[in-house]
Amino acid sequence: MITLAISFGTFAHLDFWIRVGVLAGIYGIFSTGLQVNLGYTGIYNFGQVGFMAIGAYGMATLVVKEHLSFWLALPLASAMAIGLGLALGLLGLRLRSHYFAIATISFAEITRYVIQDIGITGGTVGLLGFQGSWARISTWISDQLNLGTAYYSLPLLIVTWLIFLVVVVSVRALIRTPWGRVLRGIREDEDAVRALGKNTFRFKVQSLSLAAFLGSISGFLLALYLNYLSPDAFTSDTTFIAYAMLVVAGLGSFYGIIFGSIAIEALLEGTRFINLPIADQKVAALRFVIVGLILILGMAFRPQGLLGNREEMVLGD
Amino acid sequence: MTRPADVINSISRIDYTRNVPFGARGFFTGMLAIFVVVVIGHSGGHAFAQTTLNGLTSGAYFALGAVGLTFVYGSLRLINFAHGDFLTFGAYMAFVANVTFHLPLAIAAAFAMAATSVLGVATERIMWRPMRARGAGTFQLILMAVGLAYVIRYGIQFFAGPQYRSLNIDVTSSIKLPWDLTFGRTALFVSATSYVVLVAIGAMLRYSGLGKQMRALSDDLTLAETTGIDTHRIILVIWIFAGGLAGLAGVLYACAVGSFNPNFGFVIILTLFASVVLGGIGSPYGALAGGVILGLVQEWSTLVVGPQWKIVVGFSVLLLVLLVRPEGVLARAGST
């Protein structure tokens, strides 16, 4: 008989749960970009983590190595990510969907290896000391809430989720504009949209650039969350975990992402508090087996996603 | 399967190669030749010969891994992201036979091939055939393959742990060749085995009826079906073939690099994609040649840019070929 006992103090570890919440928000912003690509444009972007890495490292390198102000580094790093998104889109989006998936994942892996092998990013040693301005903001928020030194990550949680909610609401509004309707048209039948005289290629490049922008924002927040950047934080696992979130969220559903990111983060991080009668190492492996099963079973039985709406998302081409 | 949308896509796709001097094949051959001249000029003939030997070794297991991947794509239009993890699975099966049960390496390799074939057939029966029957979309299949990769990789980690393992082989002793070249005994074993198998595969595909049927499926499944080929049977054969070769490639890769952990399949999957794309996706001969060329280019590049860039060079070849000539460099035009 397996005993599933939740250890004492699960909910006393509020600091821990705050950090899980921050990660969920970061992944939420990241996945919103994928939702625009996959759920609304039908683009198979498998390189989202590359944009996240460009955002995080772009910001950190400009602050630490080039001594730029934090506030100037943010838009510059976003511009870098958008620029790369444009380049990748212009060069790659004429490819057939399968090929584009491979092209994007190799872009993300190349990005990671380049970060690892060039000097300015700190290489495998990593990069520290980029959050001067953020530390002041964080302290200010703590003071406003009279927290003192307790709940160290709470200010980041608040900021992350504010940004996430703004992103979800504004992207959802954007999708309802005529521009968004063209994207949905491309997802359903690109040739038909082209026959209506729309330059579908341009819309697809714009969709990818929007995802790159959101990826860079999630990168900033991840950098602030980690305090320390190393290339290992940007493996393609991040992209695939985000796809598992989309499967839970439902393709095409933006509010679903809020649920999906919390659910998957609770699975990946929160299950540390459940005492299973097997070694921790095995539990760690099991979590990712479950991520894999979510992808397989979700795509096999509910391609529109757990919370998705079948009418909105009839896959199959 | 050619659908109307595919035809429209292929017509409307801009032909980049029209702007490439000497045609795509000539262009890439020329680039390769310039690269070789630069490498020899930069590092001398001796270093070039030594890296050529190393490249022929790594290219051999790339080719073995790539040929199964290209067959599965060609016949089923499935980008099998789990193929790299098939290699990992093969390596671990060989580990069980070779280290846990103290069997000789040859028997362990045969066991790994058999086990990985079974894995390939099992995924076909449990996942891919039912999904084809439902007419699943491209995206469903890609994400399911990614999910399968996770299940295999972390399933292995669940049982074997994340630590590095090695097979019971001699990785240190090497053979002295003329001109001060060295070739590890393991590398010799890896290359000899691979090239014997590669030639056997080539001959089988070229001359046997089964090989011809497999190529026909990889070319055009619907057309193959109308000519009376038992596609269900050949698809199973393709999975046995792809799985067995992936298992063997995994064992040889594990021998060549010395140690492996559950992540080792993901490290190589993009290199295998690069071999496949270089050779023209769906083309088995292309994948064999593409793997060997990629192994050589990666090893040669270490002389110019340093060994840490080896993987980036492989991925860059992939991106370059995808962007300039997605239908592949080695395959004849229109053969996909």
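Every chain is numbered from 1 and lettered A, B, ... according to where its sequence line falls, protein lines coming before strand lines. Bear in mind the structure is a predicted one, so any value in this text is a computation, not a measurement.
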Undergrad: Name the region of B:F266, side chain, backbone, both or neither, that has any atom closer than 4.5 Å to a heavy atom of chain A.
TA: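 The answer is the side chain of B:F266.
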Undergrad: Between A:Y113 and B:F315, is the side chain to side chain contact (heavy atoms under 4.5 Å, CB included) condition met? List the steps.
TA: CA-CA 10 Å; A:Y113 279 103; B:F315 296 172; 3.9 Å; yes
Undergrad: Tell me if the aromatic rings of A:Y243 and B:F139 count as close, with their centers under 6.0 Å from one another.
TA: yes
Undergrad: So how far is it from A:F46 CZ to B:I142 CD1, rounded to the nearest 0.5 Å?
TA: 5.0 Å
Undergrad: Pick whichever of A:I102, A:V289, A:D117 has the most heavy-atom pairs under 4.5 Å with chain B.
TA: A:D117
Undergrad: Which region of A:F201, side chain (C-beta onward) or backbone (N, CA, C, O), has a non-hydrogen atom less than 4.5 Å from a non-hydrogen atom of chain B, or is it both or neither?
TA: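 A:F201 has no heavy atom closer than 4.5 Å to chain B.
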Undergrad: Which atoms of B:L318 are under 4.5 Å from chain A, going by heavy atoms: the side chain, the backbone, both sets, or neither?
TA: side chain
Undergrad: How about A:Y99 and B:F273: are their ring centres within less than 6.0 Å of each other?
TA: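 Not close enough - the centres of the two rings lie 6.0 Å or further apart.
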Undergrad: So for A:V283, is it side chain, backbone, both, or neither that comes closer than 4.5 Å to the heavy atoms of chain B?
TA: neither
Undergrad: What are the residues of residues 144-157 of chain B, in order of number, with any heavy atom under 4.5 angstrom from a heavy atom of chain A?
TA: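 Near chain A, by residue number: B:M144, B:V146, B:G147, B:L148, B:Y150, B:V151, B:R153, B:Y154, B:G155, B:Q157.
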Undergrad: Check A:K282 against B:F158 and note the closest heavy-atom contact, atom names and distance.
TA: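 Answer, listing the atom of A:K282 first, then B:F158: NZ-O, 2.7 Å.
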Undergrad: At what distance, to the nearest 0.5 angstrom, does CD of A:Q116 lie from CD1 of B:I311?
TA: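 If we round to the nearest 0.5 Å, A:Q116:CD and B:I311:CD1 are 8.5 Å apart.
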Undergrad: Can you name the closest pair of heavy atoms from A:M299 and B:M131 and give their distance?
TA: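 Heavy-atom minimum between the residues: O-CE, 4.0 Å.
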Undergrad: What part of A:D189 is in contact with chain B, defined as an atom under 4.5 angstrom from a non-hydrogen atom: side chain, backbone, both or neither?
TA: neither
Undergrad: Nearest 0.5 Å please: distance from the CG atom of B:L270 over to the CD atom of A:E109.
TA: 6.0 Å
Undergrad: Mind listing the closest non-hydrogen atom pair of B:L319 and A:S106 along with its distance?
TA: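 Of all heavy-atom pairs spanning B:L319 and A:S106, the closest is CG-OG, 3.8 Å.
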Undergrad: Closest heavy-atom contact between A:Q281 and B:P162?
TA: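 Scanning both residues completely, I find the closest heavy atoms to be CD-CD, 3.4 Å.
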Undergrad: Side chain, backbone, both or neither: which part of A:I105 has a heavy atom under 4.5 Å from chain B?
TA: both
